[in-house]
Amino acid sequence: MDDISLLLNGFYTVLSWQNLGLMGIGILLGIVVGVLPGLGGPNGVAILLPLTFTMNPTSAIILLSCIYWGALFGGAITSVLFNIPGEAWSVATTFDGYPMAQQGRAGQALTSAFTGSFFGALVGVLMITFLAPLVAKFALRFGPPEFFAVYFLTFCSFVGMGKEPKAKIVIAMCIGFVLAAVGMDTISGQLRMTFGMPVLLRGFDFLVAVIGLFGISEILMTMEEGLAFKGKQASIDLKVVLKTWATMPRYFMTLLRSSAIGCWLGITPGGATAASFMGYGVAKKMSKQPDSFGKGNVEGVLAPETAAHAAGTSALLPMLALGIPGSATAAVLLGGLMIWGLQPGPLLFVEQKDFVWGLIASMYLGNLSGLIIVLASVPLFAAILRIPFSIIAPAILVVCAIGAFTVHNAQFDIWLMLIFGIIGYVFKKLDYPLAPLVLALVLGDRAEDAFRQSMLASKGGLGIFWSNGLVGTIMTLALLGLAWSFVGALRERLKTRPMQAVNADSRAG
Amino acid sequence: MSAPDELHGAAAESDTAITRRTAELVIGVLLALFGLLAVVSNYQIGAGWASDGPQAGYFPLRMGVIILFCSIIVIAQALMKNDRSAFVERAQLRLVATVLVPLIVYVAAIQFTGIYVASAIFICAFMAFIGKFNWWKAAATGAGFSLALFWIFEFMFQVPLPKGPLEALFGF
């Protein structure tokens with residue numbers, strides 16, 4: 001009951017004119033970010049983060065989290081109307097969304113997508129409301145070994161759940177850790193890997209890395225495909241919306257299933273992208289007419305969108321309760337917390353009640369107003385995509401450059417952004433995942449501190465990670481998950497090897 | 001395995017600028033060097049155990065070792081798989097260069113002209129050369145965009161961005 005009154009207090013905080021205004025601005029900016037190629041959730045938030053340095057943390061997180069919601073909504077618009085996923089998590093939405101638009105059912109597809117998103121988000125927020133305080137309370141007993149164990153579990157599940165080759169996931173992650181270590185060591189004060197270059201003293205800021213890795217590289221990728229937008233017209237009127245809503249109860253089980261998948265993959269760092277594909281796959285498998293998928297089945301739009309939004313929302317649960325983000329965007333938000341002077345972790349629920357419950361309340365309101373705004377403004381945002389790419393591309397690049405500069409007021413960071421952009425482009429093409437890199441870059445110092453403090457306590461013995469039931473269980477789980485995924489990968493390879501040979505032959509023939 | 005691959009390679013040769021195999025190998029070697037660099041650099045500052053616990057290089061050195069190890073796996077896998085399909089085609093490379101080269105010039109220009117003038121010229125040139133817009137349309141868009149940015153950052157957010165001689169002329 002205590003939590004309910006805190007939540008009501010949170011609503012009270014959010015319902016000020018200033019915060020409501022920020023919410024609206026955030027959602028609109030977020031939709032733009034979600035619609036435009038090259039601007040996505042993580043780097044949209046990263047670019048705007050420096051502008052919030054002077055705001056009070058609650059208003060700042062409301063603005064930035066609403067950009068996140070907006071981006072989740074916006075991704076669906078391009079998928080349905082243009083067959084171009086604005087975000088990785090809306091790829092699965094194109095499978096049935098675009099065929100629906102071709103059949104002239106764009107309005108229905110978009111309404112279903114947004115409603116599904118809203119439903120998924122709602123389930124995610126409800127779970128955060130009731131589960132996050134419990135998790136945080138539990139985590140208050142954690143010491144450095146337990147925290148390191150949880151970090152370890154996070155990174156292991158990235159390796160285990162990632163679709164990319166395991167070695168590449170591990171490489172990406174360790175690059176993040178190494179880059180995080182560059183600069184002054186926080187414990188000993190020694191300089192690490194600066195090679196006598198003064199610009200490296202500050203180390204690598206994750207915001208600059210995110211803007212380059214996700215923003216610049218995305219523009220390069222888009223350019224490579226020689227993009228030409230050919231979109232379908234869409235107008236959503238109240239009649240279509242109501243008609244679509246009337247059919248929703250029929251798909252209640254799909255919505256619920258997708259939400260559950262999304263919540264699970266959001267808390268464990270599977271992420272929204274994996275969730276959307278899994279939601280789509282499960283809906284298809286459970287459907288009575290699996291053949292109609294891919295040809296404009298409403299369920300094929302509902303399922304991935306619901307799962308993606310549920311995952312995107314619940315990715316904030318571990319970030320709030322444990323200080324461990326479940327997605328790249330959540331990682332950027334977590335970095336924001338540290339910049340605003342808040343210490344992420346379970347203590348947040350004790351020391352920063354206003355902030356936490358304000359954020360949770362803003363999730364309810366943000367998603368509700370997001371649904372209304374996005375339904376009302378689809379034609380406007382579809383029009384943005386009709387602006388020629390030769391205007392949008394340089395404008396986005398300029399915005400990225402400014403975003404990189406404002407992080408530390410350093411021109412060197414713009415060069416860094418460029419380098420990270422090229423790295424991101426090459427990595428994406430070669431299937432090196434970017435999210436673990438960013439996560440490791442954000443968490444690097446904290447994970448390292450937890451590790452060193454544990455080592456300090458145990459005088460160098462790894463036994464401390466099995467010194468009590470709790471930490472031992474987490475570590476064992478992580479290692480088991482890791483081992484299991486390697487076994488799975490090996491078996492898969494043995495199974496597909498003969499298949500690949502056949503494929504290669506048929507291709508050559 | 002080799003016969004179908006050669007056929008495939010020959011067919012793709014005409015428009016393939018870099019094969020996947022080459023790209024995998026080059027990046028694998030670069031990553032191995034990066035890992036090695038981390039190992040050497042951290043070994044020099046001390047990666048062992050001091051009287052007050054693990055030294056500064058303790059953690060990053062181990063990360064470097066993992067990178068080195070995994071990049072060798074990646075290189076081995078690339079050699080075994082021998083994937084001669086296109087990593088990037090020549091036409092694609094040209095398109096990417098049309099963004100990347102102006103972008104590099106733009107970032108370099110920021111040092112001399114400040115971000116506003118450089119951005120205006122960048123947008124204008126991009127529209128005119130790549131988008132084939134009229135000069136006056138391109139110039140108007142570029143200038144308008146930069147002026148809007150100037151207003152947003154210098155006045156609304158009061159975040160000063162790099163400025164050059166032109167802004168100095170107006171007393172900023």
Side-chain angles (χ1 to χ4, degrees), chain A residues 50-51 165-168 170-171 174-175 177-178 181-182 185 187-188 190-193 195 216 219-220 223-226 388-391 393-395 397-399 401-402 405-406 409 411 414-415 417-418 421-422 425-427 429-430 432 448 451-452 455-456 459-460 501 504-505 507-509, chain B residues 1 3-5 7-8 20 23-24 27 31 34-35 37-38 41-42 45 49 53-60 63-64 66-67 70-71 73-74 77 87-88 91-92 95-96 98-100 102-104 106-107 110-111 115 119 122-123 126-127 130-131 133 141 145 149 153 157 159-162:
Chain A
L51 297 179
K166 306 289 176 214
K168 290 182 175 175
V170 176
I171 289 179
C174 292
I175 291 177
F177 279 123
V178 169
V182 172
D185 173 26
I187 295 183
S188 69
Q190 249 177 317
L191 292 180
R192 299 194 286 193
M193 292 177 278
F195 305 104
I216 306 295
I219 291 281
L220 295 179
M223 199 65 196
E224 181 191 288
E225 281 152 24
F389 193 61
S390 54
I391 302 177
L397 292 172
V398 166
V399 170
I402 293 176
F405 174 82
T406 47
N409 288 325
Q411 294 203 12
I414 307 180
W415 285 111
M417 168 199 82
L418 192 60
I422 297 169
Y425 168 72
V426 176
F427 272 24
K429 295 209 72 169
L430 287 180
Y432 287 86
E448 188 187 345
F451 181 69
R452 278 162 81 173
M455 288 288 100
L456 215 55
K459 303 200 168 53
D505 282 340
R507 222 182 353 189
Chain B
M1 273 309 275
D5 266 324
L7 271 176
H8 191 67
R20 252 192 101 81
E24 288 276 14
I27 297 301
L31 287 171
F34 178 81
L37 186 72
S41 162
N42 283 297
I45 59 168
W49 197 264
Q55 283 176 310
Y58 188 87
F59 188 72
M63 294 297 124
I66 299 177
I67 294 176
C70 286
S71 53
I73 296 181
V74 167
Q77 278 174 344
F87 169 70
V88 60
Q92 290 179 326
L95 280 170
V96 171
T98 53
V99 185
L100 201 53
L103 181 63
I104 293 169
Y106 163 65
V107 175
I110 291 174
Q111 256 109 346
I115 211 160
S119 301
F122 178 52
I123 293 176
F126 205 92
M127 282 177 71
I130 292 157
F133 278 89
T141 313
F145 195 77
L149 286 178
F153 282 94
F157 286 107
V159 176
L161 298 182

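Residue numbering restarts at 1 for every chain, and letters A, B, ... go by the order of the sequence lines.
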Can you tell me which portion of B/Val96 sits under 4.5 Å from chain A's heavy atoms? Options are side chain, backbone, both or neither. both
Exercise: identify the closest heavy-atom pair between A/Ser390 and B/Met127: O-CG, 3.6 Å
Using modelled atom types only, decide if a donor and an acceptor are shared between the side chain of A/Arg192 and the backbone of B/Ala56 within a distance under 3.5 Å. yes
When the 4.5 angstrom heavy-atom criterion is applied to B/Ile110 and chain A, the contacting part is both
If I measure from the heavy atoms of chain A, does B/Leu161 come under 4.5 Å with its side chain, its backbone, both, or neither? both
Side chain / backbone / both / neither for B/Leu149 at chain A, heavy atoms under 4.5 Å: side chain
Distance (rounded to the nearest 0.5 Å) between A/Leu397 CG and A/Ile216 CD1: 5.0 Å
Side chain from CB out, backbone as N, CA, C, O: work out which of these in A/Ala395 comes under 4.5 Å of a heavy atom of chain B, or both, or neither. both
Is chain A contacted by the side chain of B/Phe87, its backbone, both, or neither, given a heavy-atom distance below 4.5 Å? both
Is there a donor-acceptor contact under 3.5 Å from the side chain of A/Lys429 to the main chain of B/Arg20? no
Of the backbone (N, CA, C, O) and the side chain (C-beta and beyond), which part of B/Ser71 lies under 4.5 Å from a heavy atom of chain A, both, or neither? both
Which one, B/Leu31, B/Thr141, B/Ile130, leads in non-hydrogen pairs under 4.5 Å with chain A? B/Leu31
Contacting region of A/Val399 [heavy-atom separation from chain B under 4.5 Å]: side chain
Per-residue tally against chain A (heavy atom, under 4.5 Å) across B/Ile73, B/Ile45, B/Thr98, B/Ile115 peaks at B/Ile45
Counting only non-hydrogen atoms closer than 4.5 Å, does B/Pro160 touch chain A with its backbone (N, CA, C, O), its side chain (CB onward), both, or neither? backbone
Chain B contact via A/Leu418 - which portion, at a heavy-atom distance below 4.5 Å: side chain
Can a side-chain donor-acceptor contact be found between A/Tyr425 and A/Glu224 if the only test is distance below 3.5 angstrom? yes
Distance check, rounded to the nearest 0.5 Å: A/Ile171 atom CD1 versus B/Met63 atom CE? 13.5 Å
Pick one of side chain, backbone, both or neither for A/Ile422, based on which atoms fall under 4.5 Å of a heavy atom in chain B. side chain
In terms of heavy-atom proximity below 4.5 Å to chain A, should B/Gln55 be classed as side chain, backbone, both, or neither? backbone
